[in-house]
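The structure under discussion appears below in the form of structure tokens.
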Amino acid sequence: MTIWNANLYDQKHDFVSKFGGSLVDLLAPKKNERILDVGCGTGDLAYEIAALGANVQGIDASHDMIIAAQQKYPDITFHTMDATLLDLTPQFDAVFSNAALHWMKQPDEVIQNIYNALKQGGRFVAEMGGHSNIASIVWALQKSMEELKLSYIEDYFPWYFPTLEEYQAKLEGAGFTVEIIKLYERPTPLQGEDGLRNWLMMFSNKLLQHLSEIEKEQIYKKCEELLKPEFYQNHQWVVDYCRLRFVAIKK
Ligand code: BEZ
């Protein structure tokens with residue numbers, strides 16, 4: 001399980017919800033529509049959607065994220081809930097998800113549960129890390145562990161970054177019509193000189209769970225060394241995000 005630090009997430013990783021902004025345009029929420037935000041984090045995009053007049057509920061598997069979301073936006077309903085275990089009758093006009101589905105390594109269950117939660121004709125609008133997402137960071141983590149003679153445990157790899165074809169087939173297999181789907185590179189700036197280190201501290205916990213704090217420190221340092229020449233320019237880290245974005249309709 002990934003333990004999230006909701007404070008660090010809001011202070012250093014607000015790019016996650018900022019970049020998600022245009023995904024809200026793609027969702028185009030209408031007044032009084034019922035919308036479920038899957039993997040809502042600290043609730044910023046749920047709030048944006050609610051501000052456009054929709055009736056939003058947010059779920060996230062992290063209880064800390066949900067507590068933070070509820071404190072920030074007390075008028076929105078948030079629940080701690082793992083999308084893999086979601087069991088809802090058709091009631092939502094749309095399901096929205098930004099930067100969350102790649103943390104869910106049982107995509108078939110998640111897609112089926114979202115399908116079940118949607119009314120007929122309802123839309124599933126989402127963006128997630130796609131194939132090759134953060135390939136350089138994954139490479140640097142593996143290389144650092146190898147060089148430091150620390151074991152890399154495949155089962156601890158926390159992400160699912162599918163190809164376009166693979167995810168489209170899963171959506172269609174569940175009964176969706178895929179209206180839009182694209183995979184594209186979106187180089188992503190990380191805040192400050194410690195941007196990469198902060199990113200690793202926030203997001204690589206699960207992969208490094210078997211290591212001591214000293215070993216993790218060695219890995220952060222080695223990753224910085226390995227990635228700096230290509231990904232730190234003009235005092236700015238910019239890393240290689242690849243996004244998979246889609247709109248799918250429940251037939
Ligand atoms: C992403 O948004 O692509 C992402 C964020 C954290 C870890 C891995 C991927």
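Just so you know, these numbers use all the heavy atoms, side chains as well, and skip hydrogens, waters and symmetry mates. All figures in this text were calculated on a predicted structure; none of them were measured in a lab. We count ligands from 1, going down the list as the structure has it; atoms in each ligand are counted the same way.
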- What class does the angle between the rings of Y241 and W199 fall in, given that below 30° is parallel, 30 to 60° is tilted and above 60° is perpendicular? perpendicular
- Message: Need the ligand 1 atom indices (1-based, order shown) with element for anything under 4.0 Å from a heavy-atom of N133.
- Response: 1 (C), 3 (O), 9 (C)
- Query: Can you list the ligand 1 atoms lying under 4.0 Å from a non-hydrogen atom of I134?
  - Reply: 8 (C)
- Numbering as shown, the atoms of ligand 1 that approach W159 to under 4.0 Å (heavy-atom distance): 7 (C), 8 (C)
- Please name all residues satisfying salt bridge (charged side-chain N to carboxylate O under 4.0 Å, His left out) with E217, sequence neighbours left out, ordered by chain then number. R197
- Query: Heavy atom under 4.0 Å from ligand 1: found in R243's side chain, backbone, both, or neither?
  - Reply: side chain
- Hey, do the aromatic rings of Y152 and F157 have their centres closer than 6.0 Å? no
- Identify, by atom number and element, the atoms of ligand 1 in contact range of H102, meaning under 4.0 Å from any of its heavy atoms. 1 (C), 2 (O), 3 (O), 4 (C), 5 (C), 9 (C)
- Residue pairs involving residues 171-183 (criterion side-chain hydrogen bond (donor to acceptor under 3.5 Å, both in side chains); sequence neighbours excluded): Q168-E172
- Query: Which atoms of ligand 1 have any heavy atom of W103 under 4.0 Å away?
  - Reply: 6 (C), 7 (C)
- Message: Is the terminal nitrogen or CZ of K250 (NZ for Lys, CZ for Arg) located under 6.0 angstrom from the six-membered ring centre of Y115 and within 45° of that ring's axis?
- Response: yes
